[in-house]
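Quick notes on the structure that follows.
A, B, ... follow the sequence lines: proteins, then strands. Residue 1 opens every chain. Hydrogens, waters and symmetry mates play no part in the numbers below; they use all other heavy atoms, side chains included.
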Number of protein chains: 2
Amino acid sequence: MTDCATCVVRNRAICASLNPAELAALGKMGRRQKVRAGQTLLWEGDGAPVVANVLEGVLKLVVSTADGREQIVGVVFPSDFIGRPFGKQSPYCVTAMTDAEVCIFNRGSFEEFAGNHPDLQQKLLRRTLDELDRARHWMMLLGRKSASEKVASFLLEMSERLAGQGCHTDTQAGFELPFGRQQIADILGLTIETTSRQLTKMRADGLLDLPSRREIVINDRAAMEMMAG
Amino acid sequence: MTDCATCVVRNRAICASLNPAELAALGKMGRRQKVRAGQTLLWEGDGAPVVANVLEGVLKLVVSTADGREQIVGVVFPSDFIGRPFGKQSPYCVTAMTDAEVCIFNRGSFEEFAGNHPDLQQKLLRRTLDELDRARHWMMLLGRKSASEKVASFLLEMSERLAGQGCHTDTQAGFELPFGRQQIADILGLTIETTSRQLTKMRADGLLDLPSRREIVINDRAAMEMMAG
DNA sequence: CGTAGTTTTGAACAACGTCAACGGCTGTGG
DNA sequence: CCACAGCCGTTGACGTTGTTCAAAACTACG
């Protein structure tokens, strides 16, 4: 059982559609769970027994081929929803990129609850439509953009999404990525070497600074947008 | 006003969730519209004034860069839903690949109707979740698969989806694609030349036959699945 | 038959991947 | 506090895949 009153994403997650009584009912079904960086919450092809809201941290959705190649197909932040309601199995695996905390529900119970709460279902629909838009733009990036365009697009999107999280709004230009080079490569459909070379080149061209492994400071946002294509 | 009683996708489209009275109400808001091959129904960045169900034909969802590169991010068949409810603007353009017919609604009216009909909204949610799964698998294809794997995956998926349409179920192996080489290339994130070469090579290897420009006959499905990765 | 559009084929090229070595943090234990 | 090991990121040389550019073959259609 979860105490929704103290929930940090109370107003941003899909739960925002519920009144106090409804929230209490849903809260009884959910429980908070901590997830360590690297730990996997849901496996690809799994029965997808749970759904969850992200309270804290960042998780990735990964699809793999039989021979071990990986593509990250989604990155989720606090207040985002994870899992696959109304489906037989999870089409991807969900792994924490940082230490994280989620509010977890049995999938069947959640589906039943959702069926009786149209407002919740509408919020979920809106979120899913947004995710679909994002996925489709990402498809354009994967299918048609060059390495430099990919990296530039990625940095711009991340700077926006991280700012949206309210984490590092102080300076809109600089931010800390919640993941390393290999994971950037898995997001962009590149190798780690190509990713690294592109970043190095951008630094050489004065487009950005790399104060530490995971920090990015965009010096020339206009040029970066130009480069993103 | 639309006569839903004669609708060919009555039982497969999201409208299947409605009872006769509700259907009559929705029918009053919709109208049938024919779309010629090549004609665009919705533009990228548009105000997205309409949503629709596909009655007949095949349409593509396209995202373009400023310099004219195109990526097809979705292909819709009869009974599929198109448009972007609850959004400010359409994130891609929707163009008919064959002559088509759609059942079209004003977006605002549709949203209001949906708000009062949770079952309809749930059907739409399920459909959107399915589309999202499909888009994410497609991302893996775009980001991590080789040209031959892309073409093989594409042919297998198309053979399944076209069979699902009930069009050409007679022989599960052979089917007619509703589009040409350039559009296959735009789906797979390849050039038309690479696509053509891969198909030619597969024919040389005996994996398939190409009786005419748009016909495909898969001879060795197992080998094709192997090749899809 | 001729023409326009599409597809196939060929040759040269560029971008990105692969393989391998190196460098520089980070954390740990002496 | 220093030394060292391990990991992650960077850099370089080279190979492969897919793109580009050009031209020929095919198809549909008047």
Distance-only check: which donor-acceptor pairs under 3.5 Å involve side-chain atoms of residues 43-59 of chain B, not counting sequence neighbours?
{"residue": "B:E44", "atom": "OE1", "partner": "B:S64", "partner atom": "N", "Å": "3.3"}

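- Between the CZ atom of B:R181 and the C1' atom of D:dT27 there is a distance of 12 Å, rounded to whole Å.
- Following rounding to the nearest Å, A:E215 (CD) and D:dG9 (C1') show an atom-to-atom distance of 16 Å.
- Contacts between residues 185-203 of chain B and DNA chain D, counted as heavy-atom distances below 4.0 Å, involve B:G189, B:L190, B:T191, B:E193, B:T194, B:R197.
- Cation-pi contact between A:R161 and A:F77: absent, since separation from the ring centre below 6.0 Å together with deviation from the ring axis within 45° is not met.
- Residues A:E176 and A:R214 are not paired through a salt bridge, judged by the lack of any N-O separation under 4.0 Å between the basic side chain and the carboxylate.
- Backbone-only engagement by A:S146 is indicated by non-hydrogen atom pairs under 4.0 Å involving sugar-phosphate atoms exclusively.
- For the residue pair B:R181/B:Q183, the side-chain donor-acceptor check at 3.5 Å is not satisfied.
- In this structure, a donor-acceptor pair under 3.5 Å is absent between the side chains of B:E131 and B:T128.
- Remark: P of C:dG23 and CZ of A:R213 are 15 Å apart, rounded to the nearest angstrom.
- Per the geometry, CD belonging to B:Q182 stands 13 Å off C1' belonging to C:dG5, to the nearest Å.
- Rounded to an integer number of Å, the gap from CD of B:E149 to P of D:dT17 is 12 Å.
- Using modelled atom types, one finds a donor on one side chain and an acceptor on the other under 3.5 Å when comparing B:R32 with B:T6.
- Between the side chains of A:R69 and A:Q71, not a single donor N or O lies within less than 3.5 Å of an accepting N or O.
- The CG atom of B:L210 sits 12 Å away from the P atom of C:dT7 (whole-angstrom rounding).
- At whole-Å resolution of the value, NZ in B:K145 and P in C:dG17 are 17 Å apart.
- Rounded to 10°, the angle separating the first-five-pair axis and the last-five-pair axis of the helix from C:dC1-D:dG30 to C:dG30-D:dC1 equals 30°.
- Side-chain contact, A:S212 with A:E215: a donor N or O sits under 3.5 Å from an acceptor N or O.
- Nucleotide C:dA15 holds its P atom 17 Å from the CZ atom of A:R144, rounded to whole Å.
- Checking side-chain atoms of A:K60 against main-chain N and O of A:T95 turns up no donor-acceptor pair under 3.5 Å.
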